[in-house]
Amino acid sequence: MKTEHFSEAKPHLLHVLSDIQQRNRYIAHEDILNVAEQLKLPIAQVQSVVDFYAFFHRTPRGEFDLMFSNCTSCGDVSLMQTMCKLLGVEIGKTRDDGLVSIRDTSCIGLCDQGPALLVNGHAMTRLDNQRLEAMAAMITQHLPLNDWPSVWFTVEENVCKRGLLLNESFAAGDGIRAALNRGADDTLEQIISSGLRGRGGAGFSTGLKWKFCRKAEGDAHYIICNADEGEPGTFKDRMLLSQHAGAVIEGMTIAGYVTGAQMGFIYLRGEYRYLETALKQTLNQHRTEGLLGIGILGQQGFDFDIEIIMGAGAYICGEESSLIESLEEKSGIPRIRPPFPVVSGYLGQPTVVNNVETLLSAAYITAKGEAWFSEHGTKSSAGSKLLSVSGDCLRPGIYEYDFGISMQHILDDCGASDVQAIQVGGPSGTLISPEEFEQVLGFEALATGGSFMIYHQSRDLLAVVQNFAHFFAHENCGFCTPCRVGTSVLRNAIDKIVSGHGTAYDVDEILRLAKLVKKRSHCGLGQTAPNPILDFLEKFPQLLTDRLLNQDFEPGFDLDASLAEARKLTNRDDAGAHL
Amino acid sequence: MNTEKTRSSPKTICIDGKDIPFTKGQTIMDAALAAGLYIPHLCHKPGLSPHGSCKLCTVDLDGRSVSACIMPANEGMDIQNDTPELQEVRKTITQLLFVEGNHICPSCEKAGDCSLQAMGYQLGMLDGHFPQFYPRRDVDASHESVILDRDRCIMCALCVRASREVDGKNVFALGGRGLESQLIVNSPSGKLGDSDLAADDLAANICPVGAILIKGHGYEVPIGKRTFDTRSITETDLGEVSLKKTEHHDV
């Protein structure tokens, strides 16, 4: 088919590297040369991609490669340490016999059923010490994953509250048929007048985005579904892609119809590999039913098809221009804007990048009408929002509300009490204190891509902020100075306070640098990375002051700790080897 | 298009209260440099495509910050550039660049000819301020006439662009992620000696710091008589509006 971009003959770089990583447990220098030759790409491009994505390794990982989530909702680092002890392995290093390797990874989107990990890419949920002991025994016996209890790999979809979208039924073809009946112009008008705004968090008008793309000239137009759901605490797209993939695909197809695009991509985060097979089946079913392919539903000239491209562990690829770079087989470095993707996106052509939930909403609006949608929500935020509720509550899961619902209402629904704080919108969003729990959900009030992480009074909130500081220092792309260096300086400064060495001077320094990183960074990652720190300083100052030394200054340099390497080299640990 | 009208009233942007003319397609940086107005920058070089990564050229526009080297000039823009706040921000960014690498100014051959060092002087930087990172980075001495010392690299990608856009080669790239980013060489062994870099390529001579140095030359001009000992980076950069190789004093 003419729209095919990647195929067996010309596979996508990330897929080729992923195959090698899975087969050989690492990507050797020879592999880089071979892949460059095979795909006719510069060697440096292949190497930079290998080194950019967290799921690719230059030295062998274990036969069993365990990645524990370090998210505050679906992670438990103490379990990782337990597992390291059980198997006699150091974090990050492969055991000498090559059997096992263990390390942590950013949120894997299982926050409603954590603690969780990925073993050789397969998700395991609801971990506890007993489970770890059983796993350790099986690993020691080299028991293949296929022979492990399948219940360990169960990923549940905990839909706790259905609203506008999830209460509706949607039969395959409903959206596309309605679009064809109405024509492309009216379908676009309908999306615009529905008031639908991007569900990824930024909230740009979906209809206007489609309109700009449609108007932009190019050899081809593209529709991209951003399924790189990487914001810690978010997992609603995981549910949508496993239970409502058809409507999401239809949303893409309608976007193609409106903009004249013939090709679409679902960019699926590598952590969601287990969704890929079912997604492909749904795509095939759509092709069989004439909902994808040449002449969709018999309409001559309406050609559209979709390919799935899998990411490989990079939060930054959720940023739309980084995603496009990744799709173009490069490192996920955000582009210079303008031009915006609607004018110059994938391969320099007009491109729409929409969130999973946005595309699903567009399909429903097309099928059911704009009034059905816009009579819900608030004036500036039409419709409903899916929330991924996690953390300290009785019923974590997916909750759908009309915009305008208060934070307290959500807390009551999910069974959260004595709440100290909520991180709304994930680490890049807003940390709110109980005084703000009457605030409402909406682009004009509290915006969120869906993450809703709850922290009980008993939680060490500074540790949460520290976790987020580490997250951004790990996930930033390295392109611009303020974010590349600043996020690490901030991380180290927070670490210093947590370790009991912080003073008021350090707090002033953190504040000054956090503001600089927020204002001067290149893209949304850097511009939001300091949010948890700034919110914490503003809203919970006492929690920080309590942890400070009562003196003007304490050096960040710990002389005794710095001698550790010398002690190791000289095999000494006696009193004389310490200060 | 009404050329008469364009000629009679050229389009302008306003930088620090001064009207600066610009033509379509120019960035804020292009217009400023052409008018003899200095906006600090390290990763930018007229003649190469802009990169926008060092963020030294951050300026304020309607309360938000933009990078002058990548933001297209638009009629009526009111831009703040030389303000105490912005100079403080730029000093901090320069300090960040210093502490993330291993800069050895007193013994570096590039001292006095180094843009990073000159930027530090220009902005009144007296120390690195932040704790040093002391990264471990590789030195590549495999090339017969060029040495690559990544300790001093500031990821400006001038060499990357010079090689692709001027030399017609593709010798360098930025690889890795975050703080692990590093300059890599596009050759089978990953070594410079295995690449097609030639000593007189622009890419071998454009490094603003001491990361890429020509072998066989060293300390021929005494400290005190080097580029930035006699001129500030403002004067140097304004004199360098068109692309040319970094001057070698011994030539």
Side-chain angles (χ1 to χ4, degrees), chain A residues 29-30 32-33 36-37 42-54 313-314 316 330-339 472-489 491-493 496 509 512-513 515-522 526-527 555-557, chain B residues 27 42-43 49-56 58 60 63-67 69-72 86 88-90 92-101 129-133 154-157 160 164 170-190 194-195:
Chain A
H29 184 69
E30 278 302 308
I32 291 175
L33 300 184
E37 169 97 22
I43 295 165
Q45 184 176 338
V46 178
Q47 188 193 323
S48 66
V49 165
V50 171
D51 292 341
F52 188 86
Y53 296 88
I316 185 63
K330 293 181 276 190
S331 297
I333 308 284
R335 289 180 175 176
I336 292 168
R337 297 187 295 180
F472 287 114
H474 175 68
E475 292 291 352
N476 81 83
C477 78
F479 174 75
C480 75
T481 315
C483 181
R484 179 182 69 241
V485 193
T487 53
S488 282
V489 173
R491 174 200 61 197
N492 296 345
K496 184 182 173 187
E509 281 288 290
R512 184 174 71 92
L513 187 61
K515 284 179 181 167
L516 185 149
V517 172
K518 183 174 173 65
K519 189 158 184 199
R520 307 293 168 182
S521 290
H522 180 70
Q527 289 159 13
F557 181 75
Chain B
T27 60
L42 282 174
C43 74
S49 61
H51 199 237
S53 66
C54 77
K55 298 299 170 201
L56 260 296
T58 184
D60 288 337
R64 66 198 178 103
S65 79
V66 297
S67 303
C69 73
I70 53 176
M71 178 54 77
L86 275 166
E88 192 60 31
V89 163
R90 289 167 182 149
T92 303
I93 291 174
T94 308
Q95 288 167 326
L96 292 174
L97 283 170
F98 265 99
V99 301
E100 79 159 328
H129 189 77
F130 301 104
Q132 287 283 339
F133 283 25
I154 57 169
M155 323 288 170
C156 68
V160 176
R164 291 176 192 175
N170 183 16
V171 174
F172 296 106
L174 286 177
R177 185 171 94 190
L179 214 54
E180 305 293 316
S181 297
Q182 60 163 339
L183 188 64
I184 60 174
V185 175
N186 186 38
S187 72
S189 64
D194 200 16
S195 75

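Sequence lines set the chain letters: A, B, ... in the order given, protein chains first and strands last, and positions in each chain run from 1.
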message: Taking side chain as everything from C-beta outward and backbone as N, CA, C, O, which of these in B:Leu183 sits under 4.5 Å from a heavy atom of chain A? Side chain, backbone, both or neither.
response: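 Answer is neither: B:Leu183 stays 4.5 Å or more from chain A.
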
- prompt: Given that the side chain runs from C-beta out, which part of B:Ser181 has a heavy atom under 4.5 Å from chain A: side chain, backbone, both or neither?
  reply: side chain

- prompt: When only pairs under 4.5 Å are counted, which of A:Val50, A:Ile32, A:Thr481 shares the most heavy-atom pairs with chain B?
  reply: A:Thr481

4.5 Å side-chain heavy-atom contact, B:Leu97 and A:Arg484: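 In contact.
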
For [X] versus [Y], what's the shortest heavy-atom pair and its separation?
{"X": "B:Gly175", "Y": "A:Ser48", "answer": "CA-CB, 3.6 Å"}
{"X": "A:Gly313", "Y": "B:Arg177", "answer": "O-NH1, 3.0 Å"}
{"X": "A:Leu516", "Y": "B:Ile93", "answer": "CD2-CG1, 4.1 Å"}
{"X": "A:Phe52", "Y": "B:Gly176", "answer": "CD1-O, 3.3 Å"}

- prompt: Measuring heavy-atom distances to chain B, does A:Glu475 have an atom under 4.5 Å in its side chain, in its backbone, in both, or in neither?
  reply: both

Heavy-atom proximity to chain B below 4.5 Å, by part of A:Ala493: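 The answer is neither part of A:Ala493.
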
field: Which of B:His51, B:Gln132, B:Met155 touches chain A most, by non-hydrogen pairs under 4.5 Å
entry: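 Sorted descending by pairs with chain A, the first entry is B:His51.
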
- prompt: Taking atom types as modelled and ignoring hydrogens, do the side chains of A:Arg520 and B:Thr92 form a donor-acceptor contact shorter than 3.5 angstrom?
  reply: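 Distance-only check fails for A:Arg520 and B:Thr92.
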
